[in-house]
Number of protein chains: 2
Amino acid sequence: MISSIAELIADRIGTMPAGERRAAQTLIASYPMIGLKTVAEFSAAAGVSSPTILRFVARLGFQNYPEFQSSLQDELAAQLQSPAIRTLNPPSPGSGSASPMLEATLDNMRETFRHLSDRQLADIATRLAERRGKTFLIGGRFTDPLARYMAAHLAIIQPDVIHLAGQESMWRDRLIDMGKRDVLVIFDIRRYQDSLVRFAEKAHQRGVQIVLFTDQWLSPIARFARHVIAGRTAVPSAWDSSAALFVVAETLIGAVTRQLEADGARRIREMEGLR
Amino acid sequence: MISSIAELIADRIGTMPAGERRAAQTLIASYPMIGLKTVAEFSAAAGVSSPTILRFVARLGFQNYPEFQSSLQDELAAQLQSPAIRTLNPPSPGSGSASPMLEATLDNMRETFRHLSDRQLADIATRLAERRGKTFLIGGRFTDPLARYMAAHLAIIQPDVIHLAGQESMWRDRLIDMGKRDVLVIFDIRRYQDSLVRFAEKAHQRGVQIVLFTDQWLSPIARFARHVIAGRTAVPSAWDSSAALFVVAETLIGAVTRQLEADGARRIREMEGLR
DNA sequence: CAAAATACGTAACATACGGTACAGCGCTCC
DNA sequence: GGAGCGCTGTACCGTATGTTACGTATTTTG
């Protein structure tokens with residue numbers, strides 16, 4: 001059953017030629033506001049010509065553009081009048097043909113944060129913000145991108161943020177630079193990598209404070225870690241999901257940024273100047 | 001402080017003559033839908049003449065009717081785009097005061113998937129699974145980790161998955177290997193990177209099919225893309241959030257894996273053997 | 001109660017909006 | 001490599017829309 005124009009588009013977008021598909025994507029991207037404007041504005045936003053927009057609405061089954069707009073407006077009106085039914089798509093949260101994957105991921109995040117106190121996050125953020133030493137980040141086979149993501153942001157708001165990439169032997173050489181005043185952020189989920197565990201242990205011996213992102217079964221690195229963040233990873237897929245950890249990472253990035261606001265703002269301005 | 005047109009009307013309705021007051025009441029009654037229709041319809045609904053409507057919007061301080069409509073639309077858009085602030089939406093059990101960051105992220109994901117049909121995801125997955133050619137992945141400053149994450153998974157279940165890393169000049173040299181049968185997955189969110197846009201354009205000219213992960217404002221690369229995935233990125237933080245795109249990426253990885261199950265399983269076993 | 005001012009609607013007008021015909025281009029399929 | 005088809009944009013057209021001028025009705029004021 002097709003109840004909204006958005007669904008209608010999703011249903012037919014596959015059969016559309018390139019130009020009309022761009023129109024469809026533009027509309028979906030800022031649904032449905034663009035559709036309420038004039039054909040000229042719509043076409044400009046989509047980067048196509050007016051006739052393409054008209055052919056697009058025609059393909060959706062509307063006689064003309066005004067009819068299409070009216071339909072959008074009716075949809076909007078219905079949405080606004082019953083905020084309860086709002087999220088019009090997932091009528092029964094948790095079911096929907098939508099995506100069991102999405103539902104599981106959302107659940108994972110809620111669960112992850114339920115077991116994560118604001119206090120704990122704040123502590124970690126503070127530790128990362130007080131720049132007594134350097135910040136190292138590293139991850140496993142699938143989680144290294146998370147380390148990179150975090151490093152990319154942190155490196156902008158403070159100095160001495162180092163992502164450990166490449167071969168295992170490369171990291172090991174960096175150990176010599178690491179000491180009590182430094183922090184090591186490690187991402188490690190199943191199947192836990194021996195190389196990471198070994199590395200964490202050595203760092204720990206040198207007095208480095210370890211912040212561990214892992215799954216609910218806890219990587220063995222938890223033994224050495226000062227702070228452990230355990231994220232849910234189970235989803236209906238062949239792979240584990242790192243999405244919950246990703247969100248925690250973003251939250252942390254935000255918190256650190258806030259704490260460094262004064263310093264950070266200056267750094268960011270300087271950086272913008274350099275680009 | 002007056003922030004909405006509704007407030008503006010409430011503020012001035014006392015000073016209006018009878019006809020304009022009826023117009024005001026009619027608009028408030030079904031706010032703001034009537035205001036988006038034509039002057040003729042508005043006037044009919046209010047039982048007054050067209051000029052009265054025009055005098056009404058003029059009294060509100062607008063130069064002309066279209067300007068008034070644009071203002072209404074902007075207001076609507078703002079309402080729709082921040083689902084979190086919207087009507088006390090059910091805090092969903094287990095959330096509590098926890099983190100506005102988390103709430104915003106969850107909303108972003110729901111919104112992102114609401115605009116994303118199963119069909120579209122399936123199409124992209126199929127395209128990635130039918131290995132006629134190679135699969136290239138690349139991302140921007142903050143999103144390159146997402147490209148890596150996806151590449152790390154895809155590379156396991158199929159051959160010829162290449163993550164384009166390093167300097168811009170490095171990618172350009174890979175262009176020569178790219179052709180009609182290949183797919184290029186690009187991650188690009190604000191602020192869009194010129195280098196990526198240029199690269200996408202050249203790839204497009206070579207006939208490469210582009211799958212674009214971007215934000216709701218659409219990277220200019222959307223012009224060249226065969227498939228566009230627009231994720232919500234707004235969160236209460238100094239940074240944009242890529243979490244929604246991350247989840248889409250994971251979903252896609254899962255879908256591709258399922259399609260390649262037969263082949264994939266064999267490959268995974270072989271790989272395990274090699275380690 | 002008269003006269004003026006204000007408000008409102010009718011009707012004419014100009015603009016810009018949606019719609020269409022047509023030609024060029026690229027793509028696919030022999 | 002060539003022929004056919006389908007998609008797209010340019011240019012133009014008719015019209016519906018917002019806008020304005022003006023005359024009438026209604027209220028207000030001296």
- Query: Does D:dT17 have OP1 or OP2 sitting under 4.0 Å from an N or O in the side chain of B:Ser50?
  - Reply: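 Indeed not, no polar side-chain atom of B:Ser50 lies that close.
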
Are the side chains of [X] and [Y] in touch, meaning some heavy atoms are under 4.5 Å apart?
X        : Y        : answer
A:Arg21  : B:Arg226 : yes
A:Glu67  : A:Asn64  : yes
B:Phe113 : B:Val248 : yes

- Task: Select from A:Asn64 and B:Lys180 the residue whose nearest nucleotide in DNA chain C is closer to the 5' end of that strand.
- Result: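 Checking each residue's closest nucleotide, the 5'-ward one belongs to A:Asn64.
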
- Message: Judged by each residue's nearest nucleotide on DNA chain C, which is more toward the 5′ side, B:Gly19 or A:Leu54?
- Response: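 Taking each residue's closest nucleotide, the earlier one in sequence belongs to B:Gly19.
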
- Counting only N and O atoms by type, is there a donor-acceptor contact under 3.5 Å from the side chain of A:Asp74 to the main-chain atoms of A:Ser71?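 Pair absent, no side-chain N/O of A:Asp74 close to backbone of A:Ser71.
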
- Message: So that I can tick it off, tell me whether B:Asp123 and B:Arg127 are bridged by a salt bridge, with the cut-off set at under 4.0 angstrom between side-chain N and carboxylate O.
- Response: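 So B:Arg127 does not pair with B:Asp123 through a salt bridge.
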
- Nearest atoms (heavy-atom pairs only) where B:Gln158 meets B:Ala129: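 Result for this residue pair: OE1-O, 4.0 Å.
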
- Query: What is the distance from atom CG of B:Leu175 to atom CZ of B:Arg172, rounded to the nearest 0.5 Å?
  - Reply: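 The CG atom of B:Leu175 sits 8.0 Å away from the CZ atom of B:Arg172.
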
- Task: Walk me through it: do B:Phe246 and A:Ser242 pass the test side chain to side chain contact (heavy atoms under 4.5 Å, CB included)?
- Result: CA-CA 9 Å; B:Phe246 189 90; A:Ser242 303; 3.9 Å; yes

- Query: So what does B:Pro17 hit on the nucleic acid, given a heavy-atom distance under 4.0 Å: a base, only sugar-phosphate, or nothing?
  - Reply: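 Sugar-phosphate: the residue B:Pro17, judged by heavy atoms under 4.0 Å, touches backbone atoms but no base.
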
- Contact boundaries of DNA chain C with chain A (under 4.0 Å, heavy atoms), 5' to 3'?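 Nucleotide range with atoms under 4.0 Å of chain A: C:dC17 to C:dT20.
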
Any side-chain donor paired with an acceptor under 3.5 Å for [X] and [Y]?
X        : Y        : answer
B:His204 : B:Arg223 : no
B:Thr233 : B:Asp215 : no
B:Glu168 : B:Ser195 : no

Write down the distance between [atom1] ([X]) and [atom2] ([N]), rounded to a whole number of angstrom.
X       : N      : atom1 : atom2 : result
A:Glu67 : D:dA16 : CD    : C1'   : 16 Å
A:Gln69 : D:dT17 : CD    : P     : 11 Å
B:Tyr65 : D:dG18 : OH    : C1'   : 10 Å
B:Phe68 : D:dT17 : CZ    : P     : 17 Å

- Query: Could you give the angle between the helix axes at the two ends of the helix from C:dC1-D:dG30 to C:dC30-D:dG1, with five pairs per end, rounded to 10 degrees?
  - Reply: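 Comparing the first five pairs with the last five, the axes sit 30° apart.
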
- Neighbours of DNA chain C within residues 38-49 of chain B, by heavy-atom distance under 4.0 Å: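 Here the set is B:Val48, B:Ser49.
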
- Starting at the 5' end of DNA chain D and moving along, which residue's nearest nucleotide shows up first, B:Arg55 or B:Pro66?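 Taking each residue's closest nucleotide, the earlier one in sequence belongs to B:Pro66.
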
